[in-house]
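Residues: numbered from 1 along the sequence shown. For clarity, every value in this text was computed on a predicted model and none was experimentally measured.
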Amino acid sequence: MSEPSLEYFIAIAEECNISQAAKRLNISQQGLSNYLQKLEAYYNVPLLVRKPSMHLTEAGSMVYDAARQIHRIKKDLRLNIEHLNSSQNTLCIGIYAPNASMLMDFIPLIEFGKKYPNVTYNVTEDSNRVLRDLLAAGKLDLVISAYRDSMTFPDFEIQKLYSNQEYIIISDVLMKQYFPNVNEDMLAEFKNGVQLEQFQDVPLVLPPADCGFSRHMSRYCEENHIKLNVIGEISNRYLSNSMVFDGVVYGFCDKRYLSHLQATRPQPLTCEIYAFPVKAPAIYNNVGVMYRKAEKHPPYFMELIDMILKQNADLAE
């Protein structure tokens, strides 16, 4: 006897009613009953308990699980072939706007384009929160975003690229104004780490209150009984950095962004900028690739994820 298809058995197992399963499959009830008898004869074991109410036997549960796996494999295979035969595919990528120029370097688009010339990409720059909302809504395929705790996003698969300590960035002008006794010894000590309360009188601008970093800082200060001198909120990181460079306020950036910031500072320099790691307790920031969990992604998508992780493997060390 040839092996019967398991497609019909999925409906029988889920409906636990031959009449309802037949309607769902748009076939006759007698035809479905004959199919079930052949299937049980093939495996030589009852798959259903008929009375008093219909339910799966242990063997029936095993067949149902296998049937679902086979159905999923066939569906995935069909999707992969459709993508393979498609003349053009588009990836929608989200990048955190203030760090876009740095984060784009994480994506090996030239190498990827050579391997998949039929795949184009669109890049959206926005805040972390907006990008994650777009990802959840299916309007983006993947996002490179900062996050504090991966458990906060149960619907996303998150591949961490790096975790870095936050630094205070401050000009020599503000240091002299708020630390009148500043000298080389103090600077050397600060470069080994500072406590945030040491800077609670120095003016600071933060992103808007609903931004993830600002919410995190609010909790951090509350837990550690620190009150910061926040004089305003600025969503544009380039503007807030300019205020730091001009000696108006101090700011924050993680270690990875620090090297990028130093390389892109405006010239000529009006101030010298110091960077001090925050300690006791330290503040850490994670950056990773996010994409939706409960979704079958085409092969080229997973290939891009692998390429991103391989290219940036040294960041996680």
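Separation of atoms CG (Leu142) and CZ (Arg292) is listed at 9.5 Å; rounding is to 0.5 Å. The CG atom of Leu32 sits 5.0 Å away from the CD1 atom of Ile18 when rounded to the nearest 0.5 Å. Atoms OG and CG, from Ser163 and Leu161 in turn, are 11.0 Å apart once rounded to the nearest 0.5 Å. Separation of atoms CG (Asn229) and CG (Leu204) is listed at 8.0 Å; rounding is to 0.5 Å. Rounding to the nearest 0.5 Å gives a distance of 10.5 Å between CD of Glu15 and NZ of Lys23. Within the model, atoms OH of Tyr35 and CD of Gln30 stand 15.5 Å from one another, a figure rounded to the nearest 0.5 Å.
Linking Ile, Leu, Val, Met, Phe, Trp and Tyr whenever their side-chain heavy atoms come within less than 4.5 Å leaves Val248 and Phe252 in two separate clusters. Taking hydrophobic clusters as Ile, Leu, Val, Met, Phe, Trp and Tyr residues chained together by side-chain heavy-atom distances below 4.5 Å, Ile308 shares a cluster with Val123. Linking Ile, Leu, Val, Met, Phe, Trp and Tyr whenever their side-chain heavy atoms come within less than 4.5 Å leaves Tyr250 and Ile231 in two separate clusters.
Remark: the Tyr96 side chain and the Glu125 side chain contain no N/O donor-acceptor pair separated by less than 3.5 Å. Side chains of Asp65 and Gln69: a donor-acceptor N/O pair is absent below 3.5 angstrom, by distance only.
Environment of NZ in Lys139: sparse, with no more than 12 heavy atoms of neighbouring residues, nucleotides or ligands closer than 6.0 Å. Atom CZ of Arg68 sits in a sparse spot, with 12 or fewer heavy atoms from other residues, nucleotides or ligands closer than 6.0 Å. Around OH of Tyr8, the count of heavy atoms belonging to other residues, nucleotides or ligands within 6.0 Å does not exceed 12.
With Glu40 contributing its side chain and Gln37 its backbone, the two residues share no donor-acceptor pair below 3.5 Å. Listed for the Asn128 side chain is no donor-acceptor partner under 3.5 Å among the backbone atoms of Ser145. Remark: the backbone N or O of Phe245 is not paired with any side-chain donor or acceptor of Ser171 at under 3.5 angstrom. Between the side chain of Glu233 and the backbone N or O of Val205 there is no donor-acceptor pair closer than 3.5 Å. Side-chain N or O atoms of Ser33 include one that pairs as donor or acceptor with a backbone N or O of Gln29 at under 3.5 Å. Distance alone, capped at 3.5 Å, places no donor-acceptor pair between the Ser235 side chain and the Pro207 backbone.
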Give the C-alpha distance, both sets of side-chain angles, the deciding distance and a yes or no for side-chain contact (heavy atoms from CB on, under 4.5 Å) between Tyr43 and Met62. CA-CA 11 Å; Tyr43 288 111; Met62 294 173 63; over 6 Å; no

Would you check, one step at a time, whether the test salt bridge (Lys or Arg N to Asp or Glu O under 4.0 Å) holds for Glu197 with Lys279? CA-CA 11 Å; Glu197 56 263 34; Lys279 66 175 185 179; over 6 Å; no

Can you list, pair by pair, the side-chain donor-acceptor contacts under 3.5 Å of residues 173-186, counting residues two or more places apart and other chains?
from	atom 1	to	atom 2	distance (Å)
Asn183	OD1	Asp185	N	3.1
Asn183	OD1	Met186	N	2.8

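Smallest separation of non-hydrogen atoms from Ile234 and Ser240: CG2-N, 4.2 Å. In plain terms, the two heavy atoms of Gln165 and Pro277 that are nearest each other are NE2-CB, 3.8 Å.
Clustering of Ile, Leu, Val, Met, Phe, Trp and Tyr by side-chain heavy atoms under 4.5 Å joins Met151 with none of the others. In this structure, Val130 shares a hydrophobic cluster with Leu131, Leu134, Leu135, Leu140, Val143, Tyr147, Phe153, Phe156, Ile158, Met290, the cluster being traced through Ile, Leu, Val, Met, Phe, Trp and Tyr side chains under 4.5 angstrom apart.
No side-chain heavy atom of Cys92 sits less than 4.5 Å from a side-chain heavy atom of Thr124.
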